[in-house]
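Numbers here simply count residues along the sequence, with the first being 1. Just follow the structure's listing: the first ligand is 1, and inside any ligand the first atom is 1.
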Amino acid sequence: MERVEILSVRIDNVSMDEAYKTIMDFLKEEGRHIVYTPNAEIIMAAYRDRELKDILNSSDLNVPDGIGVVMAARLYGFRIKERVAGFDLMNYICKNAPGKGHRIYLLGGKPGVAEEAAKNAASTYGDINIVGTHDGYFDSEEEKSMIEDINSKDVDFLFVGLGAPKQEKWIYGHPEIKARVMMGVGGSFDVLAGVVKRAPAIYQKLGLEWLYRLIQEPWRYKRMLNLPLFVLTVFKERIGGLIWSGRQ
Ligand code: UDP
């Protein structure tokens, strides 16, 4: 699998279809597998937080999420095959789940959101087997019983929507959880439950999903400044690296 390191975070250059096939192979293997969906914001956070960077690099698959990653990869001389957003990958898995018997657990979001997302997934995709849901606001007691619940259910897919970087740290910090594939999905349950609207296809196609999000949730602007900052940082690092290697 072709890989590119962006600000020292590994990105696997997979299309949606290849990501799906890789994940299907994980199901056949022993033990648990971790899938993250690094976007510009997460990579920028990992640039400042070494622990997060190591966590991201310890995964089994990091799909390229968002236009920022595509642009940054270009600066490294790589062409990303396709943007693979976490939300889309989760939906792709759910869409293909009927008939396969995959056991799916949704964890995250405000109380009631994961249940609503599960209902919508069932009505959209038909016969999918969601074996449990839990909201993303729990204390350590609740967490313990939730993990027991997950471990008792022979889970194939544990989708974790606690937002980044909380979900990545949480997944990494709980090796006792038994699920064949664990994947961080950010605010995807909010979208699936209809609490938050996903950008229309035209915005997605033009790589302007961030703009739609900014219009819908203007209070996120501070976080979103990470996108230009990310591109600038990659640019700076790349130019610095090229000048340095030219001197050698
Ligand atoms: N969330 C959660 N528990 C927490 C903090 C956040 O379940 O302790 C959920 C929150 O309800 C939302 C998601 O995590 O559904 C974060 O969404 P956001 O869009 O901010 O995440 P991103 O996709 O940007 O990582």
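Counting heavy atoms of neighbouring residues, nucleotides and ligands inside a 6.0 Å radius, atom OH of Tyr172 does not exceed 12 of them.
With sequence neighbours excluded, the residues that form a ring-ring contact (aromatic ring centres under 6.0 Å, His included) with Tyr203 are Tyr212.
Nearest protein heavy-atom contact of atom 23 (O) of ligand 1 is Gly187 N, 3.1 Å. Of all protein heavy atoms, the one lying nearest to atom 9 (C) of ligand 1 is Gly161 O, 3.5 Å. Distance from atom 11 (O) of ligand 1 to its nearest protein heavy atom, with residue and atom name: Tyr137 OH, 3.0 Å. With hydrogens left out, the protein atom closest to atom 19 (O) of ligand 1 is Arg213 NH2, 2.7 Å, a heavy atom. Gly163 CA, 3.6 Å is the protein heavy atom nearest to atom 16 (C) of ligand 1. Nearest protein heavy-atom neighbour of atom 8 (O) of ligand 1: Lys166 NZ, 2.6 Å. Of the protein's non-hydrogen atoms, the one nearest atom 25 (O) of ligand 1 is Ala164 N, 3.0 Å. With hydrogens left out, the protein atom closest to atom 3 (N) of ligand 1 is Gly136 O, 2.7 Å, a heavy atom.
Salt bridge present: Asp154 and Arg180 bring a charged side-chain N and a carboxylate O closer than 4.0 Å. At a threshold of 4.0 Å, the pair Asp149-Lys153 counts as salt-bridged, since one of the basic side-chain nitrogens sits closer than that to a carboxylate oxygen. Checked for salt-bridge contact, Glu141 and Lys144 miss the test: no charged N lies under 4.0 Å from a carboxylate O.
Counting only distance, with no hydrogens or angles, the side chain of Glu116 and the backbone of Gly194 share no donor-acceptor pair below 3.5 Å.
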* To do: Might you work through the side-chain contact (heavy atoms from CB on, under 4.5 Å) test for Leu61 and Ile23, ending with a clear yes or no?
  => CA-CA 8 Å; Leu61 181 67; Ile23 290 170; 3.9 Å; yes

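For Phe189, the heavy-atom gap to ligand 1 stays at 4.0 angstrom or more. Heavy-atom distances between Arg220 and ligand 1 reach below 4.0 Å in at least one pair.
Residue pairs satisfying the side chain to side chain donor-acceptor pair (under 3.5 Å) criterion with at least one member in residues 3-12, sequence neighbours excluded, are listed as follows: Arg3-Asp12, Arg10-Asp12, Arg10-Ser59.
Heavy atoms of Arg223 found under 4.0 angstrom from ligand 1 belong exclusively to the side chain.
Residue-ligand proximity, Gly108 to ligand 1, at heavy-atom distances under 4.0 Å covers atoms 7 (O).
Of the listed residues (Thr37, Asp190, Val113, Val191), the one carrying the non-hydrogen atom nearest atom 15 (O) of ligand 1 is Asp190.
Where the criterion is an N or O separation shorter than 3.5 Å, residue side chain and backbone included, Gly109 meets it with respect to ligand 1.
Side-chain polar atoms of Trp170 and Glu143 form a donor-acceptor pair below 3.5 angstrom.
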